[in-house]
There are 2 protein chains.
Amino acid sequence: MSRRDRIRAETTAEIKVIALRLMAAGGPGAISLRAIAREMGMTAGAIYSYYPTRDDLVTRLIGDLYTELVDTAEAARDAVPADDPGGRILAWAEAVRGWALANPEGFRLIYGDAVPGYQPPEDGPAREAEHRACTGLTGLVAAAWPGAERAAGSRDYGWSDFGEVLAEAAREAFPGLPPAAVALTLRVWGRMHGLVALEIYGHLRALVRDPGAVYRDEITDLIVSLGLTPPAGDDRRE
Amino acid sequence: MSRRDRIRAETTAEIKVIALRLMAAGGPGAISLRAIAREMGMTAGAIYSYYPTRDDLVTRLIGDLYTELVDTAEAARDAVPADDPGGRILAWAEAVRGWALANPEGFRLIYGDAVPGYQPPEDGPAREAEHRACTGLTGLVAAAWPGAERAAGSRDYGWSDFGEVLAEAAREAFPGLPPAAVALTLRVWGRMHGLVALEIYGHLRALVRDPGAVYRDEITDLIVSLGLTPPAGDDRRE
DNA sequence: ATGATTTCTGCACACCGTTCAAAGTTCATA
DNA sequence: TATGAACTTTGAACGGTGTGCAGAAATCAT
């Protein structure tokens, strides 16, 4: 690796770091090539040597952030013994919410309108992270299977109901798991996502004092509905 | 009402209509004063006679859209007899999702990043519509009470846990309803919101062929968890 | 040391929201 | 009906944005 390659890698990374800082400070809209270049003592045009366009930079950012989010969730899950599937679900959910609260702009970048006109690419690190998240959630549901079967509803799903990538991955990672479990996984995802999205976008701010308590109730109910026993948290508000 | 007032009202409305069309066509980011003025054969500066700033226009748009969404949901609910609370919940949920699919950019405007740097005001039509939505949902939960009590979790909530406006409204509209029911209402909201948000923002696109079926399963499960009987829909996929 | 490759500048273009003086228009009133 | 006030619109300006491109500058391989 030549000296120039090293410097190039450093510059590429520095751009991303500054972009992240700008985003954390002023929201996704504050990510401007000119502002980045200004902080680096460069001209805006110079950035085009590292990222072909602004959206590519945003794409990379989303990939990094999503990966970080999934890393956090996986780590939280793995901190709970595998023989406590309910605890693992709660850990995952709380990790996601915690990360979202700590990185609200990151959450918006991942799950909201990144930038006006931004179109997420079909693949790339972000999709890969989302795939990891999906697999992780499927694992949580699989750990509750077949006890959770009664929560899966009576509709009969087939593998053809799902995208090839997801179906393939689910069948390989969790042999014997029926398609209905994957549908349930998506519902679990939605359930973990809903309240956090509302909270991050400020829709709960004026309504409830401790959104975390409501979220915890929701996840606890989710765990119970999967036929698992939720961790014995104190039922009092924090 | 003078002639000038009439023309002014028409112009004010036309600006909003064009803004809506631009948004539907190119997303929230396509709402530009210059583009609006261009379509109206005016100059951008002229718009400032009608809206003090661009964000005010967006705020009005959000108010209109949110009101439309809540109107739709309420109408769908009222089309189901009151002695079928489960059916009313399903109707509300499906109406919300249907509206979101028909107006994805509107949904983004309401529940996502409207525009980079946009800060939603504390009050206004949007907050009022959100308040109506909240009340509507509380009504749906109230209709399931006290049967739904077991879904409310064991945490003990007090009225002080909620915003004054919400607490006041809930106590007045549904006397005797305990605070725990309001917490449950927020959870119901989150549950209705999660999958729709994921779908609108494209996170389910590559994963599942018929997100509507999964959503219906989720809402059905929600209805059951409230101790109600869901409408007897056919269990087959559409 | 030379030639190729990469990086960066500086300028240009087109777009954006916003402001403002001046011109144009409408309206109420004397 | 004439006049003055109120309102609307223009057009230019300012500062901001992403994006291209010619050419200068720096770096690297040979």
Side-chain angles (χ1 to χ4, degrees), chain A residues 1-16 18-19 21-23 25-62 105 109 113-121, chain B residues 1-16 18-19 21-23 25-62 105 109 113-121:
Chain A
M1 192 173 193
S2 73
R3 178 182 133 84
R4 188 148 71 177
D5 286 353
R6 187 163 38 82
I7 292 183
R8 180 182 173 82
E10 282 171 10
T11 308
T12 308
E14 190 187 352
I15 291 172
K16 223 161 50 182
I18 294 181
R21 198 171 57 231
L22 288 173
M23 184 203 64
I31 308 174
S32 94
L33 298 186
R34 293 186 128 98
I36 295 171
R38 221 175 290 133
E39 288 215 21
M40 297 181 68
M42 287 200 317
T43 322
I47 310 239
Y48 284 80
S49 297
Y50 301 93
Y51 298 94
T53 179
R54 199 188 84 125
D55 281 10
D56 287 83
L57 171 56
V58 171
T59 300
R60 296 290 295 268
L61 285 182
I62 294 178
E105 304 298 351
L109 216 52
D113 288 316
V115 169
Y118 175 79
Q119 291 292 348
Chain B
M1 193 173 191
S2 74
R3 179 182 130 83
R4 187 148 72 177
D5 285 353
R6 189 163 35 82
I7 292 183
R8 181 183 171 82
E10 282 172 9
T11 310
T12 308
E14 190 188 351
I15 290 172
K16 222 160 53 181
I18 294 181
R21 198 172 57 229
L22 287 173
M23 183 203 65
I31 307 174
S32 96
L33 298 187
R34 294 187 127 99
I36 295 170
R38 221 176 289 132
E39 287 215 20
M40 298 181 68
M42 287 200 317
T43 322
I47 309 228
Y48 284 80
S49 298
Y50 302 92
Y51 297 94
T53 180
R54 197 188 84 126
D55 281 10
D56 287 82
L57 171 57
V58 171
T59 300
R60 297 289 294 269
L61 285 183
I62 293 177
E105 303 298 351
L109 215 52
D113 288 317
V115 169
Y118 176 80
Q119 289 292 347

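Predicted model, so just to flag it, every value in this text is computed and none were measured. Chain identifiers are assigned alphabetically (A, B, ...) following the order of the sequence lines, protein sequences preceding nucleic acid strands; residue numbering begins at 1 within each chain. Values reported hereafter were calculated over all heavy atoms of this structure, with side chains retained and with hydrogens, waters and symmetry mates removed.
- A:Asp5 contributes atom CG, which lies 11.5 Å from atom CD of A:Glu10 (distance to the nearest 0.5 angstrom).
- Atom CG in B:Asp5 sits about 10 Å away from atom P in D:dC7, given to the nearest Å.
- Nucleic acid contact for B:Ile31: sugar-phosphate only, since backbone atoms but no base atoms lie under 4.0 Å from a heavy atom of the residue.
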Do any N or O atoms of the protein come closer than 3.5 Å to N or O atoms of nucleotides 19-23 of chain D, and which pairs are they?
from: D:dT19; atom 1: OP1; to: A:Thr53; atom 2: OG1; distance (Å): 2.5
from: D:dT19; atom 1: OP2; to: A:Tyr48; atom 2: OH; distance (Å): 2.8
from: D:dT19; atom 1: OP2; to: A:Thr53; atom 2: OG1; distance (Å): 3.2
from: D:dT19; atom 1: OP2; to: A:Arg54; atom 2: N; distance (Å): 2.8
from: D:dT19; atom 1: O5'; to: A:Tyr48; atom 2: OH; distance (Å): 2.8

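- Atom CD of B:Glu14 and atom P of D:dT8 are 15 Å apart (whole Å).
- Atom CZ of residue A:Arg6 and atom OG1 of residue A:Thr11 lie 10.5 Å apart, to the nearest 0.5 angstrom.
- When heavy atoms are screened at a 4.0 angstrom cut-off, A:Tyr51 is found touching no nucleic acid atom at all.
- OP1 or OP2 of D:dT17 sits under 4.0 Å from a side-chain N or O of A:Arg38.
- The CD1 atom of B:Ile15 sits 5.0 Å away from atom CE of B:Met42, with the distance rounded to the nearest 0.5 Å.
- Under a 3.5 Å cut-off, the side chain of B:Ser32 and the backbone N or O of B:Ala35 do form a donor-acceptor pair.
- B:Ile36 places its CD1 atom 12 Å from the C1' atom of C:dG17, with the value rounded to the nearest Å.
- Formation of a donor-acceptor pair under 3.5 Å by the A:Tyr51 side chain with backbone atoms of A:Thr12 is found in this model.
- At whole-Å resolution of the value, CD1 in A:Ile7 and C1' in C:dT6 are 12 Å apart.
- If you check every strand for non-hydrogen atoms under 4.0 Å, A:Ser32 touches sugar and phosphate atoms only.
- Following rounding to the nearest Å, A:Arg6 (CZ) and C:dT6 (C1') show an atom-to-atom distance of 16 Å.
- Distance CZ (B:Arg8) to C1' (D:dC7): 8 Å, rounded to an integer number of Å.
- Between the CG atom of A:Leu22 and the P atom of D:dT17 there is a distance of 10 Å, rounded to whole Å.
- Put simply, CG on B:Leu61 and NZ on B:Lys16 are 7.5 Å apart, with the number rounded to the nearest 0.5 Å.
- With rounding to the nearest 0.5 angstrom, the CG atom of A:Leu33 is 10.5 Å from the CZ atom of A:Arg38.
- Whole-Å rounding puts the B:Met40 CE to D:dT10 P distance at 10 Å.
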